[in-house]
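Predicted, not measured: the structure shown is a model, and the values here were computed from it. We count ligands from 1, going down the list as the structure has it; atoms in each ligand are counted the same way.
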Amino acid sequence: LNAIGGYADLLESGATGDLSEGQARYVERIKVGAGHLAQLIDEILAFTRVEARREQLLFREADLGRVARDAIAVVEPQAVSAGLELALDAPDGGPVVTTDPDKVRQVLVNLLSNAIKYTEEGSVTLSVGSLGPGGAELAVTDTGIGIEPEHLEKIFEPFWQAESPNTRRAGGTGLGLSVNKRLVTLLGGAIEVESEPGKGSTF
Ligand code: ADP
């Protein structure tokens, strides 16, 4: 995949001469396809790692406001191209907790990108707050399609996806939330969801 993406980049940059309009269009499709496959492989690897209990955690002091800003930066291009407002509601400096910040960021990026995928219009907000001594609560809220009450239990199961045209259009594997749940549990936390169909969801 690195070779496919890399050579497509080279072709696009004109390294072997100018591309015709049709060639440029096809090169773009190769890049999008390679990107989708890379994401699919990342999700399957993340799932396999947590299933095999091989996830390595590295606990240290971390400023969750900073972790949240990093996560927002990763998904910002996705939000811009979907025409959604992306907001961060976090206090300056803190809360500082002992955790694995890379895993927290991984979970946040996944929740944010779900929120963007399942929202047609409106906004996606990440808020960060303290929760008791040494703890924190992170919430990702969207104004999207929401989740039916009878599905709320199932969404954390591996490979489960709502039967809707929207899910199919959004792609995905149905693994993201099950990985998130496992990671959050390993970090000593819990993941919960509240949702109203047609109004939006908060994880
Ligand atoms: P994927 O997004 O790859 O399908 P996930 O495990 O991340 O898999 O999510 C499982 C299912 O839960 C999704 O297919 C979708 O039906 C539903 N879902 C997840 N996040 C949201 C959200 N923010 N709004 C509405 N539905 C959601």
Please check if atom OH in Y7 has more than 12 non-hydrogen atoms from other residues, nucleotides or ligands closer than 6.0 Å. no

Taking side chain as C-beta onward, heavy atoms only, is T16 less than 4.5 Å from L10? no

Has ligand 1 got any nitrogen or oxygen that is less than 3.5 angstrom from a nitrogen or oxygen of N114? yes

Do NZ/NE/NH1/NH2 and the carboxylate oxygens of D102 and R60 come within less than 4.0 Å? yes

Taking distance alone, with N or O pairs closer than 3.5 Å, would you say A162 contacts ligand 1? yes

Is there a polar contact, in the sense of an N or O pair closer than 3.5 Å, between L177 and ligand 1? yes

Electrostatic pair E55-R182, nearest N-O below 4.0 angstrom: no

If we ignore angles and hydrogens, is there a donor and acceptor under 3.5 Å between the side chains of E194 and T202? no

Has ligand 1 got any nitrogen or oxygen that is less than 3.5 angstrom from a nitrogen or oxygen of S178? no

So, regarding N110 and ligand 1 (criterion: nitrogen or oxygen to nitrogen or oxygen, under 3.5 Å), is there a contact or not? no

Counting only heavy atoms closer than 4.0 Å, does ligand 1 sit against the backbone of H151, its side chain, both, or neither? neither

Numbered in order shown, the ligand 1 atoms found under 4.0 Å of a heavy atom of L175 are 6 (O), 8 (O)

Under a 4.0 angstrom heavy-atom cut-off, which atoms of ligand 1 come close to K117? 1 (P), 2 (O), 3 (O)

Hey, looking at atom 12 (O) of ligand 1, which of I155, T119, N180 has the closest heavy atom? I155

Side chain, backbone, both or neither: which part of S201 comes within less than 4.0 Å of ligand 1 when only heavy atoms are counted? side chain

For D100 and L57, which heavy atoms make the closest approach, and how far apart are they? OD2-CA, 3.3 Å

Under 4.0 Å from ligand 1, counting heavy atoms only, is it the side chain of F203, its backbone, both or neither? side chain

Atoms of ligand 1, numbered as shown, that sit under 4.0 Å from any heavy atom of G174: 1 (P), 3 (O), 4 (O), 6 (O), 8 (O)

Verify the neighbour count for atom CD of E150: are there more than 12 heavy atoms of other residues, nucleotides or ligands below 6.0 Å? yes

Between S130 and P95, what is the shortest heavy-atom contact and its length? OG-CB, 3.6 Å

Which ligand 1 atoms does W160 reach within 4.0 Å, using its non-hydrogen atoms? 10 (C), 11 (C)

In this structure, CG of D18 is separated from CD of Q23 (nearest 0.5 Å) by 10.0 Å

